[in-house]
Amino acid sequence: MAAMRNTSIWRNAGIWILALSASVAQPRAAQADKSQPMAERKSAYAPWEPSDMAQRRKEFGLVGPGAQHPVPPPAFPSYLKKPDTVEQLMPAARAASRQSQGRAPLGLVDSGKHLLIVVGEVRDTRPNMMVQEAIKRAMEERGVKTTVLTIWELLGLTEEQYLDFRTGLRTYTIADGQRELEYFFNYTGITPDPEKGRNWVREQDPELYGATWPAPKYDNETYARMARDYVKDVPDRLVGWLDKHPEIDWIVWRSGGRTNTRKFVRHHGEKLLGNYTYLDLYDLMSQVPDFPSDVWRLIETKTIEPIAFADRAEVTDPEGTAFGYDVSEKEAKSWAAGIYNQGHLYMFPAQASGRFPYSLVEFPAVIDNYQPLILPEVNGVIASTSSHAATYPRIEVQVRKGQIASIKGGGLYGEGLKLFQSYPGTKDLQWPYAPKPGYWWLFEAGMGTNPKYFKHPGEVLEGNNLSERNAAGVIHWAFGAEAAQGPNDTREWSKETNEFAIKNNVPRGHSMHQHNLLPTYQLRLRDLDQWATLVEHGGLSALNDVGVRALASRYGNPDVILRRDYIPALPGINAPGKYQDYAKDPGAYWTQWANKIQGGAYEYFKP
């Protein structure tokens, strides 16, 4: 086995079916539109100088202390190794089989139970079957019967045929951020008739449609049909398979979106243990499997502690995000009640509400304590250069009284997001259980909590960006008016939500993600006029908590155990170069970053 620093690391093939590339129109110029050449539309971006943050905070009325320390220097782990055999993978696989925290808590499966692992989603990393064999072997050493079911088996294909099919869908790069627009129709938005919605985009803007949904390159009509039906067909086939296999006790499937995944398996939803991230060598060979579960849980509970006592929250990020909002005492308590999801805290009241909360003690069980939907009236701006799908030239989305007010730049992502502001019903309809009309409310703020996660260079080279959201302190924002559940059903979308979505062909869920990589998140505590910093420049304050450090010391040096193994390098912020150059073409930057790491030549490798 060779260390990453000295040899080229493996490549993975994780990738979304549909991605999204955004650019923001320059504030001193007219917004790019469909009358302009495609090259200009793709490259439009929103200029920004990180040194202007103090002025921006004042512009949007932020009153908290803000970040008190410099942005930390970049880092990426140098300890990753490439095993050649299942035997070499077994120590890491055994650790993963015991890990009870995070998105894939395999350690929660008791001996004598039967676990189903589903791999091969086109939107996810291509599964390494040697890794799957190691995980299966490790689980069965613990007395857990384990079945690995592949998507190609569900589709009736050989693995070779599936790879041909998958290749035909993967016609994009990490710079094609406009594909995030598909999340409005599938994955998290879940619009009842996606094709009808896409046809609306085609009628409004044929060039944008062609760039976002290029025709799959198939000579095989069977593959073409599979591509058309894939998003609906795979859950249908999996549910059919589960109906024939009642012996299955637990299921892990998809790399994210546990609440929606639970719905996709329908009446088997109570069996969903979580997502599954051990698809290739990256996460398995990281230090995530070995991270002490009780320390991980304490990091999350320490982060949650101040939430119920907040009366105001403020967020900044050196890429230009700056916004704040007030919360009532009742809203703060509801937020605290619903915030928990292992490895993905709901750092915004809207996402923590409109649902039955996950149990902090008996996860993945939910608590019979329904939290009505809250839609805070945020004021400020969210700025970013990456999403779940890919990267895009810098975008600024201004939010006024909780909803999108304007969009600057963002290339084709910005163009699409502007267009979607006029999607029928999204401005005037009132979603079921929502206290106010409209769809374009700031809704999601999912935050990673384990300091050992990192962005995968291999998936970047395959045009994917899902792993970035798992890194501790990275927050992904999204918009919607989603009630994940109604007050009468913990599994499915409510009858009211389904009927409303079908009638109007609008999303049930949220969409249009943006990632902030180095955010600072602060709360003002009610009646105290004191501020609590939950995150500073992407570093969770809980990592420095004396109780967390004391617990971590049981397992070794707390400085090593709690160290952030990955800190993004952003030119003009914490790395050499001009931020403006990065902001114009972040896809090229991250491609170079990935190639350096793959080649063992990255200048910010850390122990």
Check ion pair [X]-[Y] (N to O, under 4.0 angstrom):
X      : Y      : value
Glu182 : Arg123 : no
Lys503 : Glu499 : no
Asp585 : Lys42  : no
Glu270 : Arg262 : yes
Glu462 : Arg170 : yes
Arg41  : Asp205 : yes
Glu195 : Arg198 : yes
Glu221 : Arg228 : yes

Consider only side-chain N and O atoms of [X] and [Y], and report whether a donor and an acceptor are under 3.5 Å apart.
X      : Y      : value
Tyr392 : Ser384 : yes
Arg254 : Thr261 : yes
His456 : Asn464 : no
Thr385 : Tyr582 : yes
Gln161 : Trp152 : no
Tyr276 : Glu121 : no
Glu468 : Ser386 : yes

> Should the pair Phe348 and Trp477 be assigned to parallel (<30°), tilted (30 to 60°) or perpendicular (>60°) ring geometry?
Replying inline: perpendicular
> Should the ring pair Phe420 and Trp200 be called parallel, tilted or perpendicular, given that the plane angle runs from 0 to 90° and is split at 30 and 60?
Replying inline: perpendicular
>> Evaluate Tyr439 against Ser511 for side chain to side chain donor-acceptor pair (under 3.5 Å), listing each step before the verdict.
In response: CA-CA 10 Å; Tyr439 175 78; Ser511 61; 3.0 Å; yes
>> Can you tell me if Lys232 has over 12 outside heavy atoms packed within less than 6.0 Å of its NZ?
In response: no
> Is the side chain of Glu331 donor-acceptor paired with the backbone N or O of Pro349 at a distance under 3.5 Å, no angle test?
Replying inline: no
> After noting the C-alpha distance and the side-chain angles of Tyr209 and Trp213, does the key distance pass the ring-ring contact (aromatic ring centres under 6.0 Å, His included) rule?
Replying inline: CA-CA 6 Å; Tyr209 175 90; Trp213 295 284; 5.4 Å; yes
Centroid separation under 6.0 Å, is that true for the rings of [Y] and [X]?
X      : Y      : value
His344 : His476 : yes
Phe443 : Phe479 : no
Trp440 : Phe184 : yes

>> Go through it in stages, so that I can follow the logic: the residues are Trp253 and Leu149, the test is side-chain contact (heavy atoms from CB on, under 4.5 Å), and I'd like the CA-CA distance, side-chain angles, deciding distance and then a yes or no.
In response: CA-CA 10 Å; Trp253 177 36; Leu149 177 65; over 6 Å; no
> Is Tyr358 close to Tyr346 at the side-chain level, that is, under 4.5 Å between some pair of heavy atoms?
Replying inline: yes
>> Is the shortest side-chain heavy-atom distance between Leu116 and Trp241 below 4.5 Å?
In response: yes
>> Determine whether Leu442 and Ile382 satisfy the following criterion, side-chain contact (heavy atoms from CB on, under 4.5 Å), listing intermediate values before the conclusion.
In response: CA-CA 10 Å; Leu442 182 59; Ile382 299 174; 3.7 Å; yes
